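Data block below; observations after.
Note that the numbering runs from 1 along the sequence shown for the chain. Everything quoted here is computed from the prediction, not taken from an experiment. Each ligand, and each atom within it, is numbered from 1 in the order the structure gives. Values below: every heavy atom of this structure, side chains too, minus hydrogens, waters and symmetry copies.
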Amino acid sequence: MVQATPFLLVLFLALGAHGLSVKKCSLTGRWVNDLGSNMTIMTVNANGDFAGSYHTAVSATSNEIKLSPLKGTLQKSPNQKGQPTFGFTVNWSFSDSITVFTGQCFVDEDGKEVLKTMWLLRSHVESIKSDWKATRVGINVFTRLPTQE
Ligand code: BTN
């Protein structure tokens with residue numbers, strides 16, 4: 001028992017230190033994706049809900065690209081282990097379309113945060129006959145932009 005005490009103490013401290021050092025992925029901040037699109041996510045509230053803005057680098061339309069609002073929510077379950085799943089919607093301010101993104105916020109092997117997402121872009125079409133061609137699908141990978149002074 002006497003010998004076990006220091007061992008248990010070291011084990012406890014090691015586990016505690018490990019728990020403290022595990023980096024968590026946070027959605028808040030500025031991000032850029034593989035297309036060069038930029039997005040800013042404002043504070044995530046206690047329910048996991050958040051808002052922000054999106055500046056796409058590309059468009060399926062010929063309209064002039066404008067900054068567009070986004071709204072989303074983060075999964076708050078304790079099983080997320082610092083790498084939460086999330087979803088958000090971008091309501092494009094310069095087109096008739098809507099995009100929904102779903103993804104997970106990871107910390108990669110270099111300790112860098114990365115958002116792995118899939119999206120559905122729904123365009124407006126004139127009639128139900130054109131519904132078949134109204135939805136595009138893809139993936140985007142976002143990395144964090146440095147904080148501005
Ligand atoms: C539109 O073309 O009607 C609105 C802009 C759509 C931009 C898409 S959303 C998915 C993909 N990821 C981006 O960052 N931009 C494109």
Side-chain donor or acceptor of Asp110 paired with backbone N/O of Lys112 under 3.5 Å:
no
Would you check if the side chain of Ser68 reaches a backbone N or O of Ser93 as a donor-acceptor pair within less than 3.5 Å?
yes
Identify the closest protein heavy atom to [atom]: which residue and atom is it, and at what distance?
{"atom": "atom 3 (O) of ligand 1", "result": "Ser95 OG, 2.7 Å"}
{"atom": "atom 7 (C) of ligand 1", "result": "Thr56 OG1, 3.4 Å"}
{"atom": "atom 9 (S) of ligand 1", "result": "Thr99 OG1, 3.4 Å"}
{"atom": "atom 12 (N) of ligand 1", "result": "Asn140 OD1, 2.7 Å"}

Can you name the one residue among Val32, Thr40, Ile65 that meets side-chain contact (heavy atoms from CB on, under 4.5 Å) with His55?
Ile65
Less than 4.5 Å apart, side chain to side chain, heavy atoms only: is that true for Tyr54 and Asn33?
yes
Under 4.5 Å between any side-chain heavy atoms of Met39 and Asn140, yes or no?
no
Which atoms of ligand 1 sit under 4.0 Å from any heavy atom of [X]?
{"X": "Phe94", "answer": "4 (C), 5 (C)"}
{"X": "Tyr54", "answer": "12 (N), 13 (C), 14 (O)"}
{"X": "Ser97", "answer": "3 (O)"}
{"X": "Thr61", "answer": "2 (O), 3 (O)"}
{"X": "Ser37", "answer": "13 (C), 14 (O), 15 (N)"}

Over 12 foreign heavy atoms within 6.0 Å of CD1, Ile139:
no
Within reach of ligand 1, part of Ser59 (heavy-atom separation under 4.0 Å)
both
Report the part of Asn33 (side chain from C-beta onward, or backbone N, CA, C, O) that has a heavy atom under 4.0 Å from ligand 1; answer both or neither where that applies.
side chain
What's the separation between atom OG1 in Thr117 and atom CD in Gln104, rounded to the nearest 0.5 Å?
12.0 Å
Looking at ligand 1, does any of its N/O atoms fall within less than 3.5 Å of an N/O of Ala60?
yes
Worked verdict on Phe94 versus Thr56 for side chain to side chain contact (heavy atoms under 4.5 Å, CB included)
CA-CA 11 Å; Phe94 61 91; Thr56 181; 3.7 Å; yes
